[in-house]
Amino acid sequence: MASPDLLTSFYFSVKVTGKSSANDAAFQEASGLGKEIKTEDVGSGGENRFRYRLPAGTTYQNLVLKRGVVLADSPLIEWCQMTLDGGLGKPVETHDVLVSLLNEKGQTCISWTFAKAYPVKWQMSDLKSQESSILVETIEFAYRYFEVDDSRDNEYAGVAALFGDE
């Protein structure tokens with residue numbers, strides 16, 4: 001049995017500023033919610049026993065969204081097609097993408113805002129005549145950076161104060 005304090009990862013929403021419709025909010029999977037500081041090894045002059053590991057900048061994974069294909073107009077897919085098929089003759093149109101993890105009441109617990117995102121890949125699942133599976137589309141976004149808004153900080157502020165972690 002799961003602890004009531006543990007968050008589940010299956011209830012979330014996705015919104016693309018200026019490009020979301022009701023059909024574009026339901027995704028079955030969101031991945032790439034991570035960042036990493038790369039390091040560079042630098043030798044010390046005359047000292048061969050160790051090397052300095054210096055930070056070399058933050059890198060971000062692409063945001064990957066997956067969902068079942070629906071028969072409805074989709075401003076999101078129109079944007080993806082325009083970006084991927086339009087070539088580089090005109091500037092790429094960017095939008096912020098908001099991924100929100102929701103609690104059992106539908107309130108946001110944690111949200112990730114991906115700034116200046118644009119589609120870099122769109123893919124359909126394989127078509128197989130021997131299976132009756134749902135057709136799934138995958139959309140992959142590059143972006144400048146992302147910010148995390150974690151409302152758990154406010155919810156547990158009183159508990160943290162008891163331990164001197166204000």
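Keep in mind that the numbers below use all heavy atoms, side chains included, and drop hydrogens, waters and symmetry copies.
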* Looking only at heavy atoms, what is the nearest atom pair of Phe12 and Leu101, with distance? -> CB-CA, 4.2 Å
* Asked: Near Lys35 NZ, under 6.0 Å, is it more than 12 heavy atoms from other residues, nucleotides or ligands?
  -> yes
* **Linked, directly or transitively: Tyr118 and Trp122 (ILVMFWY side chains, under 4.5 Å)** => yes
* Are any non-hydrogen side-chain atoms of Phe114 and Val99 less than 4.5 angstrom apart? -> yes
* Members besides Ile134 in its Ile/Leu/Val/Met/Phe/Trp/Tyr cluster (side-chain heavy atoms under 4.5 Å) -> none
* With no hydrogens and no angle check, is any side-chain donor or acceptor of Ser125 less than 3.5 Å from a backbone partner on Leu135? -> no
* **Contacts of type side-chain contact (heavy atoms from CB on, under 4.5 Å), residue Leu54, not counting sequence neighbours** => Val42, Tyr52
* So with a 6.0 Å cut-off around CZ of Phe10, is the heavy-atom count from everything else above 12? -> no
* Going hydrophobic residue to hydrophobic residue with side-chain gaps under 4.5 angstrom, can you get from Leu7 over to Val148? -> yes
* Asked: Lys116 and Thr94: which non-hydrogen atoms are nearest, and at how many Å?
  -> CD-OG1, 3.5 Å
* For residues Tyr60 and Phe146, establish whether the separation of their ring centroids is below 6.0 Å. => yes
* **Partners meeting side-chain contact (heavy atoms from CB on, under 4.5 Å) with Leu65 (sequence neighbours left out)** => Val14, Phe27, Ala30, Leu63, Phe141
* Asked: Which pair of non-hydrogen atoms, one from Asn62 and one from Glu140, has the smallest distance, and what is that distance?
  -> ND2-OE2, 2.8 Å
* Asked: Under 4.5 Å between any side-chain heavy atoms of Asp149 and Ile110, yes or no?
  -> no
* Asked: Do Glu137 and Gln123 come close enough that some side-chain heavy atom pair is under 4.5 Å?
  -> no
* Please name all residues satisfying side-chain contact (heavy atoms from CB on, under 4.5 Å) with Tyr11, sequence neighbours left out, ordered by chain then number. => Leu102
* Give a yes or no on whether the backbone of Val16 and the side-chain of His95 come within a donor-acceptor separation of less than 3.5 Å. => no
* If we only count heavy atoms from C-beta on, is the Leu98 to Ser111 side-chain gap below 4.5 Å? -> yes
Identify all side-chain donor-acceptor contacts of residues 76-89 below 3.5 Å with residues at least two apart in sequence or on another chain.
{"residue": "Trp79", "atom": "NE1", "partner": "Glu93", "partner atom": "O", "Å": "3.0"}
{"residue": "Thr83", "atom": "OG1", "partner": "Trp79", "partner atom": "O", "Å": "2.9"}

* Structure fact -> Taken in chain and number order and not counting sequence neighbours, the residues that satisfy side-chain contact (heavy atoms from CB on, under 4.5 Å) with Gln28 are Lys66, Val136
* Taking all non-hydrogen atoms of both residues, which atom of Ala26 and which atom of Arg67 are closest, and how far apart? -> O-CB, 3.5 Å
* Asked: Are Ile139 and Val120 connected in a single hydrophobic cluster, I mean Ile/Leu/Val/Met/Phe/Trp/Tyr linked by side-chain heavy atoms less than 4.5 Å apart?
  -> yes
